[in-house]
Amino acid sequence: MAAAGSASWQPQEEGLKEICGLLEQQISPSSSADKSQIWQQLQHYSQFPDFNNYLAFILARAEGKSVEIRQAAGLLLKNNLRTAYKMMSPAHQQYIKSELLPCLGAADKHIRSTVGTIISVVVQLGGILGWPELLQAFINCLDSNDVNHMEGAMDALSKICEDIPQVLDSDVPGLAERPINIFLPRLFQFFQSPHASLRKLSLGSVNQYIMLMPSALYASVDKYLHGLFGLANDPSAEVRKLVNSFSFSLVCAAFVQLIEVRPSVLEPHMKNVIEYMLQVNKDTDDEVALEACEFWSAYCDAQLPPEILREYLPRLIPILLSNMAYADDDESLAEAEEDESLPDRDQDLKPRFHTSRFHGSEDAEDDDDDSFNVWNLRKCSAAALDVLSNVFGDEILSTLMPIIQAKLAAIGDEAWKDREAAVLALGAVGEGCINGLYPHLSEIVAFLIPLLDDKFPLIRSISCWTLSRFSKYIVQDSGHQKGYEQFDAALMGLLRRILDTNKRVQEAACSAFATLEEEAAEELAPRLEVILQHLMCAFGKYQRRNLRIVYDAIGTLADAVGGELNQPVYLEILMPPLIAKWHQVPNSDKDLFPLLECFTSIAQALGTGFTQFAQPVFQRCINIIQTQQLAKVDPVSAGVQYDKEFIVCSLDLLSGLTEGLGSGIESLVSQSNLRDLLLQCCMDDASDVRQSAFALLGDLARVCPVHLHPRLSEFLDIAAKQLNTPKLKETISVANNACWAIGELAIKVRQEISPIVMTVISCLVPILQHAEGLNKSLVENSAITLGRLAWVCPDLVSPHMEHFMQSWCIALSMIRDDIEKEDAFRGLCAMVRANPSGALSSLVFMCKAIASWHEIRSEELHNEVCQVLHGYKQMLRNGAWDQCMSALEPPVKDKLSKYQV
């Protein structure tokens, strides 16, 4: 290699030849040489101080070599610079930079692109200040009118904007203004360039600054928008798509920021934005139209003024409907042809996620299967229509319904996609426009039920879904004869489709039926036999993927009808096929998950009726947990790979059994090592395992605390630790269940809870004091557990009550009437008896908490609350009690009158 030199560095012919030879072998697909050996040789050369100079020389000057070899040298140089640049001598750094700049205008596009990538890396490592010639070189190229030079500089600039946008929006010593101020006017100019590549690169570069919003861009938003509208009808689909992908983010993120600080910029343009989106939403390229279509939901989510959008609805709604028809290349069209006899492939099975057991009011969203499906223009248009219907309600019906009616009236096989889109549209607005549709509900349902038997499978499947969107109202109307007949027709129609021969229809029908079950609940009881016959028939004929949905429908049915299911005639239909499957599926098969979930619902519904099936189910759960805990440390001797979901599902089924059998589970627990396994699960590093473990701990505390006793202090310590963690918000469901379990244990073991009482109280108080940002259920459970601890250990808790009384009472007043709330108020009364002055400063809040009761069912507690209020009335003389009462709203005072104060 050449001796280290300065800017006059020259390569040696021999070294050049050798490196080019190695690069050639490395990139050649036909070369028989060992690629790893070549790589090692190149790595060896990297140790020479001027090796990177050779690479720069080959990239910039090896005219006789192929573009591929020069590019390979450039990519290797880029990777080397990432690790070595800062250790290189300034002379070598300078040599490489001086070779790169002339290549900005190289004749070959690939060389220009590689040079742009390397320049961005050098700027990342050395900053703009470390390369003073660069900015002037960019300006010279951009102003040159030579397309290669303009494109090369623009490519490098766009990579800097993408990788490190902030460097151009910083003060540079020696420069009168920030680099971005120099480049923005030139970038805007390129919006009108005759070259599509320059239009695309300049737009992409400016878009990187929308979120940063430098003052130079802020001051020229008008110019930016003007350029954007100019690009809206760009002949290049790639440019149109880029404009759109950004307009969606632009209007929904950057515009929202702008609207807060400078609405005057946006107001005059919003109509132009909407006009332009309407145009692009009709683009012939589906992907471009999809980018534009995202805008409508985003506009509504951003809570921008609806009136601006209102006048465009008559033009927007027909576009959305037209885009809701299946595209010819939609993958669903091929899937819809699949017959039920065709076995599912592994890739057909959606990933499934079990939700760990949770005690309290969930803040959960509906889980949507679309995360697995491909998002496309049809789905996006339907989602937009759904959102618009929720914002504008019935006022969209005057535009929408004539189009739906026209599409539904279209006859002939070739019009089936239009008919299908019309049914989809009806379902999409089923919630938002229900007030306007409700008077016509019986006609809509009467129209949908025959479509369940349509010859086209995708019309049958969408009719199932749309029917399910109205299920709440179909059930509501089932109280009178005509309404019941319609409910029964919908029920039987969906059951028929559950036995369809088409997989896609089976899936839609089963999901729709599960929704109807949730709404109908005990209304299903008279039809239980026929429902079970259909579901178990499906159970016998479905392939793996749809079988999971049948399990869900059976579980939902059990949840809906509860104890009604506990009759021999129903159990004879339901249990034998499930038990056969139970024996058939091995402990390491993931198909066991939905079966365990299904059994959890059945065990809870049957209650003690599940006793005859309980022993093998209980034992299998214990075995699965044991095997998985072994697999975690030694998969070879366990014979299976560790998967925590087996533990979570088994813990949840044990919870279902405990809830169903009550104290009847005691004999099973006493003969097992469940206590030790459960303690291990409570200490697991996976939060969902701990979440389900604490749910089971609380359930067992209710019915057989005696079996937890030998390790009680360990259970309590670990549960308390879940509340005292800096990452509380990340493991909120674990904390919630642990908190609930402590409360359940407290009321069973009473004084034995005392060693951890103050630790737990010190964790619960901050939760109650900062309730706004936390999960509602955790706040409720914290309030109840604090009350239960106060009830069993008032002497320990009451000295501290003035620190938490106000926030605790606020939380108590939000809880619905039930047994748990009764326990909490027993704690309140016990504390007040022990330390009456501790609640004085929070008396108004305590009165509001008492007034939150609809009715205290327990006569004993009612009397205790009376005594507390009368005690304070006697204690507060000289008008102090009346002063307290005058601070209460009239409805609160009315509620307190039942306690004779």
Side-chain angles (χ1 to χ4, degrees), residues 346 349-359 544 547-548 551 555 578-579 581-604 613-660 665 668-700 707-708 711 714-715 718-719 721-722 731 733-734 737-738 741:
D346 281 345
L349 299 176
K350 298 181 183 184
R352 59 170 305 291
F353 305 100
H354 172 84
T355 310
S356 299
R357 206 170 173 86
F358 184 89
H359 269 280
R544 281 173 66 199
L547 196 55
R548 295 173 175 189
Y551 283 131
L578 287 176
I579 290 167
K581 183 65 82 174
W582 174 264
H583 291 309
Q584 188 190 332
V585 182
N587 279 0
S588 56
D589 189 334
K590 292 188 178 189
D591 285 346
L592 195 58
F593 298 150
L595 184 56
L596 291 170
E597 288 171 2
C598 183
F599 267 106
T600 304
S601 293
I602 293 170
Q604 283 167 234
F613 314 108
Q615 200 281 328
V617 171
F618 180 91
Q619 194 50 53
R620 186 168 188 181
C621 289
I622 297 286
N623 294 346
I624 290 171
I625 296 170
Q626 249 172 327
T627 306
Q628 285 294 328
Q629 286 186 342
L630 175 60
K632 195 173 181 181
V633 288
D634 186 358
V636 177
S637 29
V640 295
Q641 283 302 310
Y642 173 68
D643 183 340
K644 64 180 180 179
E645 204 157 353
F646 284 102
I647 298 183
V648 172
C649 287
S650 300
L651 289 168
D652 288 350
L653 177 44
L654 289 171
S655 273
L657 276 179
T658 308
E659 206 172 298
I665 200 161
L668 296 171
V669 176
S670 65
Q671 291 162 34
S672 74
N673 61 340
L674 174 59
R675 178 179 59 234
D676 300 336
L677 290 175
L678 181 58
L679 187 61
Q680 241 183 304
C681 292
C682 287
M683 296 188 282
D684 200 279
D685 45 8
S687 60
D688 41 359
V689 172
R690 296 202 305 281
Q691 181 180 334
S692 290
F694 286 112
L696 177 55
L697 178 65
D699 285 324
L700 290 171
H707 295 297
L708 299 170
R711 305 198 71 167
E714 290 167 90
F715 276 118
I718 292 159
K721 279 197 179 85
Q722 310 306 310
T731 55
S733 301
V734 182
N737 288 0

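Scope of the values below: all heavy atoms of this structure, side chains included, with no hydrogens, waters or symmetry mates.
- When side chains are defined from C-beta on, Val648 does not count as touching Phe593, because their heavy atoms never get closer than 4.5 Å.
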Step by step, would you call Leu592 with Ile624 a side chain to side chain contact (heavy atoms under 4.5 Å, CB included)?
CA-CA 11 Å; Leu592 195 58; Ile624 290 171; 3.6 Å; yes

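- Residue Asn623 holds its CG atom at 13.5 Å from CZ of Phe646, rounded to the nearest 0.5 Å.
- Of the charged side-chain nitrogens involved, at least one lies within less than 4.0 Å of a carboxylate oxygen, so that Asp684 and Lys632 count as a salt-bridged pair.
- Annotation: the span from His583 atom NE2 to Leu578 atom CG amounts to 11.0 Å, rounded to 0.5 Å.
- With a 4.5 Å cut-off on side-chain heavy atoms, Leu596 and Asp652 do not count as touching.
- Here the side chains of Tyr642 and Ile647 are in contact, with some heavy-atom distance below 4.5 Å.
- Using a 4.5 Å heavy-atom threshold, the side chains of Leu668 and Leu657 count as separate.
- Arg675 places a side-chain N or O within 3.5 Å of a backbone atom of His707 that can act as its donor or acceptor partner.
- Inter-residue side-chain proximity for Arg620 and Ser650 is flagged as unmet; no heavy-atom pair is nearer than 4.5 Å.
- Between Ala693 and Leu678, the closest heavy-atom pair is O-CD1, 3.4 Å.
- No donor-acceptor pair under 3.5 Å is formed between the side chain of Gln628 and the backbone N or O of Lys644.
- Once rounded to the nearest 0.5 Å, the distance linking CG of Leu679 with CG of Asn673 reads 12.0 Å.
- In this structure, the side chain of Ser692 does not engage the main chain of Val689 through any donor-acceptor pair within 3.5 Å.
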One pair to check against side chain to side chain contact (heavy atoms under 4.5 Å, CB included): Asn737 and Leu697. What are the steps and the verdict?
CA-CA 9 Å; Asn737 288 0; Leu697 178 65; over 6 Å; no

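- Scanning both residues, Ala719 and Ala738, for their nearest heavy atoms gives O-CB, 3.7 Å.
- Counting heavy atoms from C-beta on, the side chains of Leu700 and Leu708 come closer than 4.5 Å.
- Here the closest non-hydrogen pair linking Gly555 and Ser601 is O-CB, 3.4 Å.
- A distance of 11.0 Å separates CD of Glu714 from SG of Cys682, quoted to the nearest 0.5 Å.
- Between atom CD1 of residue Ile622 and atom CG of residue Leu674 there is a gap of 4.5 Å, rounded to the nearest 0.5 Å.
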Let me see the working for Gln604 and Ser655 under side chain to side chain contact (heavy atoms under 4.5 Å, CB included), right down to the final yes or no.
CA-CA 9 Å; Gln604 283 167 234; Ser655 273; over 6 Å; no

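- No side-chain heavy atom of Asp591 sits under 4.5 Å from any side-chain heavy atom of Leu547.
- Using a distance-only test at 3.5 Å, with no hydrogens or angles considered, no donor-acceptor pair links the side chain of Arg690 to the main chain of Thr731.
- Summarising the geometry, atom CD belonging to Glu659 is positioned 11.0 Å from atom CG belonging to Leu696; distances are rounded to the nearest 0.5 Å.
- Partner of Leu654 under the side chain to side chain contact (heavy atoms under 4.5 Å, CB included) criterion, out of Leu677, Asp699, Ile625: Ile625 alone.
- When side chains are defined from C-beta on, Phe599 counts as touching Trp582, because their heavy atoms get closer than 4.5 Å.
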